[in-house]
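This report concerns only the one structure given below.
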Amino acid sequence: MRQPSLLVSAPAAFAADINLALDKPATGSLACAGAEGPEKAVNGGVAGGNGDKWCSTASVEYLQVDLGAPASITGFTVEHAGAGGEAATYNTKAFAVQLSSDGSTWTTAVSVTDNTASTTTHPITAASARCAKLVVTTPTQTADPAARIYEFEVYGTSSGTPAAASSRCSTASRSSASTPAVTRSATPARGRADVEPGHRVREEADRRGEGADR
């Protein structure tokens, strides 16, 4: 595990590369509020303060970015709560960064279990990928359940050639990290709105027939 460092700019290991995640399509677990969606974490800055972040309190908290084309990934920078002016106690404590070529099979590139810093940088051995995902396992230094990410930057060199539709990042992909499975609520009892259309037609016809007999 690489120890995170408190750096605002990209480390020398990938300083010459560009942030491939900048303004790219981003998806994620359910946001805390409509104005705190995943797009806020790839907009290139934290100038918006407290409202310029992705926030989520879902049972499985993740942020996923489609880089648009296959790329050689060399590192990541994550701006946590403190980078946006919030208390350092809200900085992400444990998280992983995963890479994928198709949004289906994921490989963990970075794993952090005891972070306290507001900005963390993570150089890696160059790896080919189209999709990058930040999976939050412990969102804060306390019991607060909200993940707060101001920027998720993915550094590398893009091929510039868009991937085929079949290999684009899937918004419903499963993570290969050891994160808990998404809990789904039990299937509700079927009410009238769930009855098959054919059954409703027959029920209405029966009622009309009963009325005619009266």
Partners of E36 by salt bridge (charged side-chain N to carboxylate O under 4.0 Å, His left out), sequence neighbours excluded?
->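 Only K53 meet the salt bridge (charged side-chain N to carboxylate O under 4.0 Å, His left out) criterion with E36.
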[Y] backbone acceptor or donor facing [X] side chain under 3.5 Å:
{"X": "E151", "Y": "G44", "answer": "yes"}
{"X": "T137", "Y": "A94", "answer": "yes"}
{"X": "Q141", "Y": "N115", "answer": "yes"}
{"X": "S159", "Y": "P70", "answer": "yes"}
{"X": "S56", "Y": "L30", "answer": "yes"}

[X] and [Y]: which non-hydrogen atoms are nearest, and at how many Å?
{"X": "T161", "Y": "A69", "value": "O-CB, 3.2 Å"}
{"X": "G82", "Y": "S118", "value": "CA-OG, 3.3 Å"}
{"X": "V46", "Y": "G84", "value": "CB-CA, 4.4 Å"}
{"X": "S72", "Y": "A126", "value": "OG-CB, 3.6 Å"}
{"X": "W106", "Y": "C131", "value": "CH2-CB, 3.7 Å"}

Separation of [Y] [atom2] from [X] [atom1] (nearest 0.5 Å):
{"X": "E79", "Y": "T92", "atom1": "CD", "atom2": "OG1", "value": "11.0 Å"}
{"X": "L63", "Y": "T27", "atom1": "CG", "atom2": "OG1", "value": "7.5 Å"}
{"X": "N91", "Y": "I149", "atom1": "CG", "atom2": "CD1", "value": "9.0 Å"}

Does the side chain of [X] reach to within under 4.5 Å of the side chain of [Y], using non-hydrogen atoms?
{"X": "V65", "Y": "K133", "value": "no"}
{"X": "P38", "Y": "Y62", "value": "no"}
{"X": "V97", "Y": "I124", "value": "no"}
{"X": "L134", "Y": "E61", "value": "no"}
{"X": "T108", "Y": "Q98", "value": "yes"}
{"X": "E86", "Y": "Y150", "value": "yes"}
{"X": "T140", "Y": "R148", "value": "yes"}

Only pairs at least two apart or in different chains count here, so list each salt bridge (Lys or Arg N to Asp or Glu O under 4.0 Å) that has a residue in residues 23-33.
->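 Qualifying pairs, neighbours excluded: none.
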With no hydrogens and no angle check, do the side chains of Y155 and E153 hold a donor and an acceptor under 3.5 Å apart?
->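 Side chains of Y155 and E153: pair found under 3.5 Å.
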Between T74 and D17, a side-chain donor and acceptor under 3.5 Å =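 Distance-only check passes for T74 and D17.
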Following the transitive rule for hydrophobic clusters with a side-chain heavy-atom cut-off under 4.5 Å over Ile, Leu, Val, Met, Phe, Trp and Tyr, establish whether L67 and L22 coincide in one cluster.
->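 No; tracing contacts between hydrophobic side chains, which count when under 4.5 Å, never links both residues.
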Is any side-chain N of the basic residue among R130 and D102 closer than 4.0 Å to the acidic one's carboxylate O?
->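 No salt bridge links R130 with D102.
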Which residue, W54, Y90, F95, forms the ring-ring contact (aromatic ring centres under 6.0 Å, His included) with H80?
->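 With H80 as partner, W54, Y90, F95 yield a single ring-ring contact (aromatic ring centres under 6.0 Å, His included), made by F95.
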Any disulfide bond (SG atoms under 2.5 Å apart) involving residues 30-126? Give me the pairs, sequence neighbours left out, ordered by first then second residue.
->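 Every disulfide bond (SG atoms under 2.5 Å apart) pair that includes a residue of residues 30-126, provided the two are not neighbours, is C32-C55.
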